[in-house]
Amino acid sequence: MYKSLLEKDPDCRNLYDSIIKGDIDSSDIYAKSLVNKYEPVDIIQECMSPAMKTVGEMFERLEIFLPEVIAAADAFEAAMKHVGPKLEAFRQVAPRRGKVVIGTIQGDIHDLGKNIVALMLKANGFEVYDLGKDVPVHKFVEKAEEVKADIIAVSVLLSTSLPFVKDLIKLLKERNLRDKYILMVGGGAVTREWATEVGADGYGENASEAVRAAIELLQRKR
Ligand code: B12
């Protein structure tokens, strides 16, 4: 039976705990140790993302408050300092693919997940234009036109920002550009069903799925 890293490696469990506690120093130590043993994507998906999920649940139950969530995000980023460069290292061997404009949508400043998706896309050969967070809808369209992108990828973690995805689709249609771009959505506020319902072309529950979807959608379009 498959045993997750969290079950089988104490360093993974310790990294998970360090992120939840917001302990930057120990997060740094365990991430440094893990990158010598495992694929970066496995460390993110099996040790780091589960920690943020737990932090979210604790926040929802009012067991922790915003300062603790900020500390956890900082500890997550401390680990990314080791894991990120390992992901980037894949880039040299990846075949060249299309261009992606990515950002976290208007009103939303969550960017940890978007940054991972951007890194993974780059690692897999995509040319990535990262607009950052809290990105106004029109900026996605302008950048996509400017760089002749293939894909627009939007991250949404706040339910209150979901309507902006609909605004983006509306704007693309108004400018007769909807069919020109592959539109992908993801992030905690989005479900596969919602993505289909609003008319997005692709969805990814995590960064690996995002990459898989991007590659498939691009092949289908070409
Ligand atoms: C960390 C965090 C923060 C940090 C963000 C730091 C940062 N630099 O990003 C801080 C402290 C700033 C923060 C602030 C707030 N937060 Co907050 N936050 C979180 C938390 C705990 C973790 C998010 C995270 O980073 N996860 C780890 C990453 C790796 O996962 P991910 O983002 O889901 O990304 C993965 C996938 O979704 C996917 N993906 C992501 N983007 C994309 C894009 C595409 C195209 C694709 C295909 C895939 C994809 O791949 C990623 C990698 O695998 C979540 C809880 C949760 N369960 O999500 C709450 C959460 C998102 N926050 C929440 C809230 C309410 C807030 C605040 C409003 C709180 C407040 N009262 O001020 C503010 C909002 C500020 C704003 N305007 O945006 C709510 C949102 C509820 C909702 N549905 O609307 C959540 C769900 C917590 C909760 N349970 O209540 N938060």
Side-chain angles (χ1 to χ4, degrees), residues 15-16 19-22 27 40-80 83-84 87 100-121 123-124 126 128-136 140 144 149-165 168 181-192 194-196 198 200-218:
L15 176 57
Y16 171 90
I19 292 174
I20 293 173
K21 280 191 234 139
S27 182
V41 60
D42 293 337
I43 302 170
I44 293 172
Q45 276 169 202
E46 298 196 26
C47 316
M48 296 167 61
S49 292
M52 290 316 266
K53 187 164 179 271
T54 303
V55 167
E57 287 159 5
M58 290 166 81
F59 179 68
E60 223 167 305
R61 293 197 298 263
L62 303 179
E63 289 166 14
I64 57 168
F65 298 95
L66 214 49
E68 285 97 335
V69 182
I70 294 170
D74 290 345
F76 187 99
E77 286 199 311
M80 276 311 288
V83 183
L87 270 183
V100 183
V101 166
I102 192 168
T104 303
I105 198 106
Q106 199 164 323
D108 190 344
I109 61 162
H110 295 88
D111 65 357
L112 301 179
K114 182 267 297 166
N115 293 345
I116 293 171
V117 174
L119 266 177
M120 290 269 291
L121 286 168
N124 283 277
F126 286 91
V128 176
Y129 297 84
D130 188 346
L131 300 176
K133 54 199 174 187
D134 189 13
V135 180
F140 284 96
D150 302 287
I151 300 177
I152 298 178
V154 183
S155 184
V156 195
L157 274 90
L158 283 186
S159 319
T160 45
S161 283
L162 283 173
F164 294 121
V165 177
L168 172 60
Y181 300 110
I182 293 167
L183 178 68
M184 290 180 48
V185 290
V190 181
T191 60
R192 195 177 300 278
W194 187 84
T196 311
V198 294
D201 302 303
Y203 164 81
E205 198 182 334
N206 53 43
S208 317
E209 264 194 35
V211 171
R212 218 174 304 136
I215 293 171
E216 273 174 26
L217 288 162
L218 200 57

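Read the numbers this way: they start at 1 and go in the same order the structure lists the ligands and their atoms. By convention here, the first residue in the shown sequence is residue 1. Since we're looking at a predicted model, the values are computed, not measured.
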Q. Once you round to the nearest 0.5 Å, how far does CD1 of Ile116 lie from CG of Asp111?
A. 10.0 Å
Q | Reported CD1-to-CD1 distance for the pair Ile152 and Ile102, which is rounded to 0.5 angstrom | A | 11.5 Å
Q) Between atom CE of Met80 and atom CG of Leu119, what is the distance when rounded to the nearest 0.5 Å? A) 5.0 Å
Q | Spatial distance of atom OG (Ser155) from atom CG (Asp108) [nearest 0.5 Å] | A | 6.5 Å
Q | Pairs touching residues 208-218 that satisfy salt bridge (charged side-chain N to carboxylate O under 4.0 Å, His left out), sequence neighbours left out | A | Arg192-Glu209
Q: To the nearest 0.5 angstrom, please state how far the CD1 atom of Ile70 sits from the CG atom of Leu66.
A: 4.5 Å
Q: Taking only heavy atoms of the protein into account, state which residues are under 4.0 angstrom from an atom of ligand 1, in chain and number order.
A: Ser49, Met52, Val55, Gly56, Phe59, Glu60, Leu66, Val69, Ile70, Ala73, Phe76, Gly107, Asp108, Ile109, His110, Asp111, Leu112, Gly113, Ile116, Val117, Ala153, Val154, Ser155, Leu157, Leu158, Ser159, Met184, Val185, Gly186, Gly187, Gly188, Gly204, Glu205, Asn206, Ala207, Ala210
